[in-house]
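Down below is the structure, laid out as structure tokens.
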Amino acid sequence: MSVTVKIHDNSTLTKKALMTSIDSFDSHGEMIGNGYRNVIKIVTIGGERYNIKEFKVPNMVNKIVYRFFRKSKAERSFLYATRLLNAGILTPAPEAFVEYKSAFTFGSSYYISKQLKYDFTIRKLIDEPECDDYDTILRQFTQFTYRLHESGIHFLDHSPGNTLIIKNGDNYKFYLVDLNRMAFKTLSYDERLANFARLSPKDYMLDIISDEYAKLIGKPQEDVRERMYFFSQKFSSSFKKKEAFKRKYYFWRKKKL
């Protein structure tokens, strides 16, 4: 397999140090999450802490697609992070990406970013609705999302765990992660409101979000709230159906094995 290594111009990483960490990735580093789909680890290189995401090797069709026709998830994460920062949107600093390819197929790939020390994610607002500054955090997050939309950024994985938050005095800083699914375009009214659907099915969250977004976009709050409810319920229904299908499918496959 050939190896492609791209290191950001602003990074202090060396190719040798990076590849040493990639080669020992399976046996070193602090795991984040369960590694069910992709494996994410915190790794120390040269005294600095980095976040390395190993993407799941694609299926046979996508091995060909990513080899010849489409940028890999690792490369897209790297390019999108750079584009976000250039647009004034925060994300952990992109450091590098690594890809393994054969003559005809795509193999494993890695996205490397600087590890960010953050306070919490949006998920905290779902799990702890009585937490301090709840209304302020949610309204500032809505303002942040509005800036994304105004900048022509459609973050397709806008879900509770994909925005890291740092408290900064009375304000909060928001950092996007899991960046490989984005579109850059002018968003329609419905696309803007549907972009909140993955965040929470909780009415009390949507009430605050819709109130703040209506002020920002200059639309009636009742209309914004109604559309947000619709898209949230639509997503929840679709998600439940997909999860039920997966449980049935994996149960069947396990029995066959």
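Below, all heavy atoms of this structure are taken into account, side chains as well, without hydrogens, waters or symmetry copies.
Nearest approach of Gly107 to Pro58, heavy atoms of both residues: O-CD, 3.6 Å.
Side-chain contact check for Tyr189 and Arg227: no donor-acceptor pair (N or O, by modelled atom type) lies under 3.5 Å. A donor and an acceptor atom, one from each side chain of Thr105 and Ser102, are located under 3.5 Å apart. Side-chain polar atoms of Asp133 and Tyr172 form a donor-acceptor pair below 3.5 angstrom.
Contact check on Glu222 versus Arg225 returns a salt bridge, with a Lys/Arg side-chain nitrogen under 4.0 Å from an Asp/Glu carboxylate oxygen. Salt-bridge formation is detected for the pair Lys53/Asp178: a Lys NZ or Arg NE/NH1/NH2 atom is positioned less than 4.0 Å from an Asp or Glu carboxylate oxygen. Salt bridge present: Glu150 and Arg192 bring a charged side-chain N and a carboxylate O closer than 4.0 Å.
Annotation: Lys167, atom NZ; neighbour count of heavy atoms from other residues, nucleotides and ligands within 6.0 Å is above 12.
Not one N or O on the side chain of Ser232 forms a donor-acceptor pair closer than 3.5 Å with the backbone of Met228. Side-chain atoms of Arg198 never come within 3.5 Å of backbone atoms of His158 as a donor-acceptor pair (strictly under, hydrogens ignored).
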Arg123 and Asp127: CA distance, side-chain angles, deciding distance, salt bridge (Lys or Arg N to Asp or Glu O under 4.0 Å) verdict: CA-CA 6 Å; Arg123 192 174 300 282; Asp127 297 337; 5.4 Å; no
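Tested against Tyr110 for a ring pair (Phe, Tyr, Trp, His ring centres under 6.0 Å), the candidates Tyr50, Phe78, Phe25 yield a single pass: Phe25.
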